Trainee: 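First the structure, which I've put down as structure tokens, then a few questions once you've had a look.
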Amino acid sequence: MDERSDKNYKALAFIPMLTFLGLYVGCGVVFTIMGTENPFGKMPRYVAVMAAIVIAMIFYDRNTPISKKIDIYCKGAGNSGVMLLGIIVLMAGGFSSAAAAMGGKESIVNMGLTLIPSHFLIPGIFIVTCFISTCIGTSMGTQVAMIPVAVAVAQGAGLNVAMAGAAVIAGAYFGDNLSMISDTTICATKGVGAEMKDKFKMNFLIALPAAVITIVLYSVLGANGSGPVDTKELHYSILEVLPYLTVLVTAIAGLDVLLVLLIGILMSGVIGIVMGTVTFFEWTMAIGAGMEEMFFLAVFSMLVSGLIELIKYYGGIAWLVKTMTEKIKNRKGCEYLISLVSMAISGTTLNNPVAIIITAPVAKELGSKYRIAPKRLASLLDIFSCGILMLVPHDSSVLLVQQYGGVTYLEIVRFAFYPILLILFTCITIQFGLLRTKEERESGL
């Protein structure tokens, strides 16, 4: 039985979390409206969450020694799930950077563009971007690599630049939502106790019809161009792409994710050194640089997890679950609510891993009560946190397309078929209880 404070603060226990969101999101929104560069960097997430932690330590349960509160905080920050999450995201960052350093990212982009038939460019861009983002596990990395290329390809072929940009955005988040090495997938599965391969399978079954219809729409609307694209200058090597393919296949096959990432890192080093595209120390430096890029997520996960443990100690989580349960009439309502919370936090913070980290503990509690399978919870958290980012005007992906393509947000969002279809098919899955496990169906909830 978890230890609880003698005083039940109920809703007041969430003031520290609201403080964090108010400082981080509030300042970000204000500076965005003011047109400030890097608006969400003015109040760093670490400063905001530390302010929340100080409030939780000092202003609650004053009869309890600070030393005990620190122990409770450290218990949450250092639980095995959070530690495993930290190791996984560090290794994912190391693999992504190492594979890119040996030429893998450039090869996989060039291979995709070379294989696209000239009359199938827009849907081809979407498919290739889906493939790349699923392999490399980052929407931002995919967008940075693909948006300039896609815009240039569309301009060269006389195609709609906004549509090409929308296709890249959709494809980038498709992979971010599904990839085994994506931080969102890792956070969602570890946050609710799901297996990655199970979450992938369910998530894929929901995303597939949305992706297929998107391809059809892009094929019909993006078919008219002025000519083929010259791909003679685009060079790629199958060997350089091999680490990505190996990670994807072995992860889907059910191999432990840490072992999968280790294999990918070693393959990128061996292939790069043999081909002469990277030296041993360039490879090790790339691994280190990739890990450093992911430190923020590992550390931030610990900070937030400890804060949530304090909120739990003060009775906040129990109150929230009880209150939400009273409002929710059935498991369907529970799934909608979890999805809405994940989407709202992601849309305001522009950070889907952060949204999942915050929402996952409550989702896990509610999921246990309504016997919702962990893979279903992980899919809902991931889908809605990614889906909203494809539609908001201030996400980096939209801004990049505007910058490179000289188009407006409204021109881009006109062709945002995939996120709308993805959310629609997920809602249909919830509404009609599709893809439920045998245990879920037998629960009668």
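Just so you know, these numbers come straight off a predicted model, no measurement behind them.
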Trainee: Is there a side-chain contact between Leu307 and Pro16 (heavy atoms, below 4.5 Å)?
Mentor: yes
Trainee: For Met285, look at atom CE and say whether over 12 heavy atoms of other residues, nucleotides or ligands are found less than 6.0 Å away.
Mentor: no
Trainee: For Phe295 and Phe300: C-alpha separation, side-chain torsions, deciding distance, then whether ring-ring contact (aromatic ring centres under 6.0 Å, His included) applies.
Mentor: CA-CA 8 Å; Phe295 277 160; Phe300 184 74; over 10 Å; no
Trainee: Would you compute the distance between atom CZ of Phe174 and atom OG of Ser139 and round it to the nearest 0.5 angstrom?
Mentor: 13.5 Å
Trainee: Going by side-chain hydrogen bond (donor to acceptor under 3.5 Å, both in side chains), name the residues that satisfy it together with Asp183, two or more places apart in sequence or in a different chain.
Mentor: none
Trainee: Quick check for you: to the nearest 0.5 Å, what is the distance between Ile169 atom CD1 and Gln143 atom CD?
Mentor: 6.5 Å
Trainee: Output all residues satisfying side-chain hydrogen bond (donor to acceptor under 3.5 Å, both in side chains) with Thr323, sequence neighbours left out; order by chain, then residue number.
Mentor: Trp319
Trainee: Quick check: do Phe384 and Cys427 have side-chain heavy atoms less than 4.5 Å from each other?
Mentor: yes
Trainee: Treating Glu411 as the side-chain partner and Thr408 as the backbone partner, does any N or O pair qualify as donor plus acceptor under 3.5 Å?
Mentor: yes
Trainee: If a pair satisfies side chain to side chain donor-acceptor pair (under 3.5 Å) and one of its residues is in residues 282-300, list it, with sequence neighbours excluded.
Mentor: Ser268-Trp283, Thr279-Glu282
Trainee: Using 30° and 60° as the class boundaries, would you call the ring planes of Phe204 and Phe200 parallel, tilted or perpendicular?
Mentor: parallel
Trainee: On a heavy-atom basis, which atom in Ala98 and which in Ala286 lie closest, and how many Å separate them?
Mentor: CA-CB, 4.0 Å
Trainee: If every non-hydrogen atom of Ala360 is compared with every non-hydrogen atom of Val192, which pair is closest and at what distance?
Mentor: O-CG1, 4.0 Å
Trainee: For Lys199, check side-chain hydrogen bond (donor to acceptor under 3.5 Å, both in side chains) against everything at least two apart and list the hits.
Mentor: Thr185, Asn203, Asp382
Trainee: Would Tyr336 and Leu340 satisfy side-chain contact (heavy atoms from CB on, under 4.5 Å), going step by step from the backbone distance to the final call?
Mentor: CA-CA 6 Å; Tyr336 277 126; Leu340 182 63; over 6 Å; no
Trainee: Got a second to check how far Leu258's CG is from Ile263's CD1, nearest 0.5 Å?
Mentor: 11.0 Å
Trainee: With rounding to the nearest 0.5 Å, note down the distance linking OG in Ser96 to CG in Leu261.
Mentor: 10.5 Å
Trainee: Indicate the atoms forming the closest heavy-atom contact of Ser305 with Gly76, along with that distance.
Mentor: OG-O, 2.8 Å
Trainee: If you look at every heavy atom in Val47 and Met43, which pair is closest and at what distance?
Mentor: CG1-SD, 3.8 Å
Trainee: Which pair of heavy atoms, one from Ala416 and one from Leu391, lies closest together, and at what distance?
Mentor: CB-CD2, 4.0 Å
Trainee: Are the side chains of Glu365 and Lys312 in contact, using a 4.5 Å heavy-atom criterion?
Mentor: yes
Trainee: Counting only N and O atoms by type, is there a donor-acceptor contact under 3.5 Å from the side chain of Lys375 to the main-chain atoms of Asp198?
Mentor: no
Trainee: Just wondering, do Lys201 and Met196 contact through their side chains at under 4.5 Å, heavy atoms?
Mentor: no
Trainee: Find out whether Thr134 and Asn177 are in side-chain contact, i.e. whether some heavy atom of one side chain is under 4.5 Å from a heavy atom of the other.
Mentor: no
Trainee: Tell me every residue that passes salt bridge (Lys or Arg N to Asp or Glu O under 4.0 Å) with Glu240, counting only those two or more places apart in sequence or in another chain.
Mentor: none
Trainee: Look at the side chain of Tyr24 and the backbone N and O of Thr19, then say whether any donor-acceptor pair between them is shorter than 3.5 Å.
Mentor: no
Trainee: Do the non-hydrogen side-chain atoms of Met102 and Pro243 ever get within less than 4.5 Å of each other?
Mentor: yes
Trainee: Working note: Asp176 + Asn352, criterion side-chain contact (heavy atoms from CB on, under 4.5 Å); need CA distance, chi angles, decisive distance, verdict.
Mentor: CA-CA 10 Å; Asp176 191 25; Asn352 37 357; 3.3 Å; yes
Trainee: Are the side chains of Tyr218 and Met163 in touch, meaning some heavy atoms are under 4.5 Å apart?
Mentor: yes
Trainee: Has Ser97 got a side-chain atom pairing as donor or acceptor with Gly93's backbone, closer than 3.5 angstrom?
Mentor: no
Trainee: Is the backbone N or O of Thr129 less than 3.5 Å from a side-chain atom of Ser133, with the two atoms forming a donor-acceptor pair by type?
Mentor: yes
Trainee: Taking C-beta and beyond as the side chain, do Ser339 and Ile430 meet within less than 4.5 Å on heavy atoms?
Mentor: yes
Trainee: Among all residues two or more places apart in sequence or in another chain, which pass the side-chain hydrogen bond (donor to acceptor under 3.5 Å, both in side chains) test with Tyr46?
Mentor: none
Trainee: Taking all atoms of both residues into account, what is the closest heavy-atom pair of Tyr370 and Ile328, and its distance?
Mentor: OH-O, 3.5 Å
Trainee: Go through the steps for Met180 and Val260 under the test side-chain contact (heavy atoms from CB on, under 4.5 Å), then give the verdict.
Mentor: CA-CA 9 Å; Met180 297 291 187; Val260 166; 6.0 Å; no
